[in-house]
2 protein chains.
Amino acid sequence: MKTCTFVTGNPNKVIEVEGPVIVEDSALEFNAMNKLPGPYIKQFLELLGNDGLNKLLHSYSDKTAEAVCTFAFTTGPSIDPITFQGRLEGQIVSARGPPVFGWEPIFEHEGETLAEMAHEKKNGLSHRYQALLKFQEWLAAQELDI
Amino acid sequence: MKTCTFVTGNPNKVIEVEGPVIVEDSALEFNAMNKLPGPYIKQFLELLGNDGLNKLLHSYSDKTAEAVCTFAFTTGPSIDPITFQGRLEGQIVSARGPPVFGWEPIFEHEGETLAEMAHEKKNGLSHRYQALLKFQEWLAAQELDI
């Protein structure tokens, strides 16, 4: 079995890899804002904080949002990647719960923010879980020499 | 004199160019939002329109903004580019003037939106003019074989 390199944020690292690569990114789509901030959520959170993200929706009655996680996988250089996307519906609320992971305190799903949710429960329904599930199902159906 | 290729939006085109390259991009920084949308302004305008850009600032009393234009120039591959940035201070207002160029109807500078301003006046003070002026001054001081 060859090595499969997992890269989260360094494009130079990806260039060095000769074999299979997995990349992952998360987005947060506000429905009232035509899915913005979307992939820019990381910068928006850094610059505005969770209060500022709430303020973006101040003028809109629709506070619904979707958390999106996308994995992309390729078996090697010059092979088009295949993507696996998971989505979780919710709404943007004032922060509740421990402020450990980014925007999790302001994303509410069925009455609980992701920050308030028990880890086991969150890990069994999150956008990342949904994406990994698709990835896992696809891998199980392949016969890959990696 | 060699050819100098002017590219505005196609990264594949840039890769093909073996000689000198100039690139240009504009940003719109809302001071209340820690300079966002910044370089993402094109996507924000497309998805939200000028009304939506105003709504982003609904929760803030500070409506001031800066229009930013950046030119980058390199004499060839593997040569670090040099950048020239022009800035124009203003504030975000409800749209006024012909809706011809993007967010120009909502960017007001000294009482006039860029859309309302006479072209000659605008071209003599805009962020793009300021950036080109710096570029011109720098070029005049060089002895480039391009």
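The model shown is predicted, which means the values in this text are computed figures rather than measured ones. These values consider heavy atoms only, across backbone and side chains, with no hydrogens, waters or symmetry-generated copies.
- Linking ILVMFWY side-chain heavy atoms closer than 4.5 Å, directly or via other members, places L48(B) and F30(B) in a single hydrophobic cluster.
- Cluster annotation: I22(B) is connected to I82(B) through the hydrophobic network of ILVMFWY side chains, with a link wherever side-chain heavy atoms come within less than 4.5 Å.
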Quick one, L47(B) with M33(A), criterion side-chain contact (heavy atoms from CB on, under 4.5 Å). Give me CA distance, side-chain angles, the key distance, then yes/no.
CA-CA 7 Å; L47(B) 291 168; M33(A) 289 175 61; over 6 Å; no
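- In the hydrophobic clustering of this structure, M117(B) does not group with V68(B); members are Ile, Leu, Val, Met, Phe, Trp, Tyr whose side-chain heavy atoms approach within less than 4.5 Å, directly or through other members.
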Check: every donor-acceptor pair under 3.5 Å linking chain B and chain A:
from: N34(B); atom 1: ND2; to: L47(A); atom 2: O; distance (Å): 2.7
from: Y40(B); atom 1: OH; to: Q43(A); atom 2: NE2; distance (Å): 2.9
from: Q43(B); atom 1: NE2; to: Y40(A); atom 2: OH; distance (Å): 2.9
from: L47(B); atom 1: O; to: N34(A); atom 2: ND2; distance (Å): 2.7
from: K55(B); atom 1: O; to: S59(A); atom 2: OG; distance (Å): 3.4
from: S59(B); atom 1: OG; to: K55(A); atom 2: O; distance (Å): 3.3

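- Interface residue L36(B): only side-chain heavy atoms are found under 4.5 Å from chain A.
- Placement of L88(B) and L132(B) in two distinct hydrophobic clusters is found when ILVMFWY residues are connected by side-chain heavy-atom separations under 4.5 Å, directly or transitively.
- Cluster annotation: F84(A) is connected to L139(A) through the hydrophobic network of ILVMFWY side chains, with a link wherever side-chain heavy atoms come within less than 4.5 Å.
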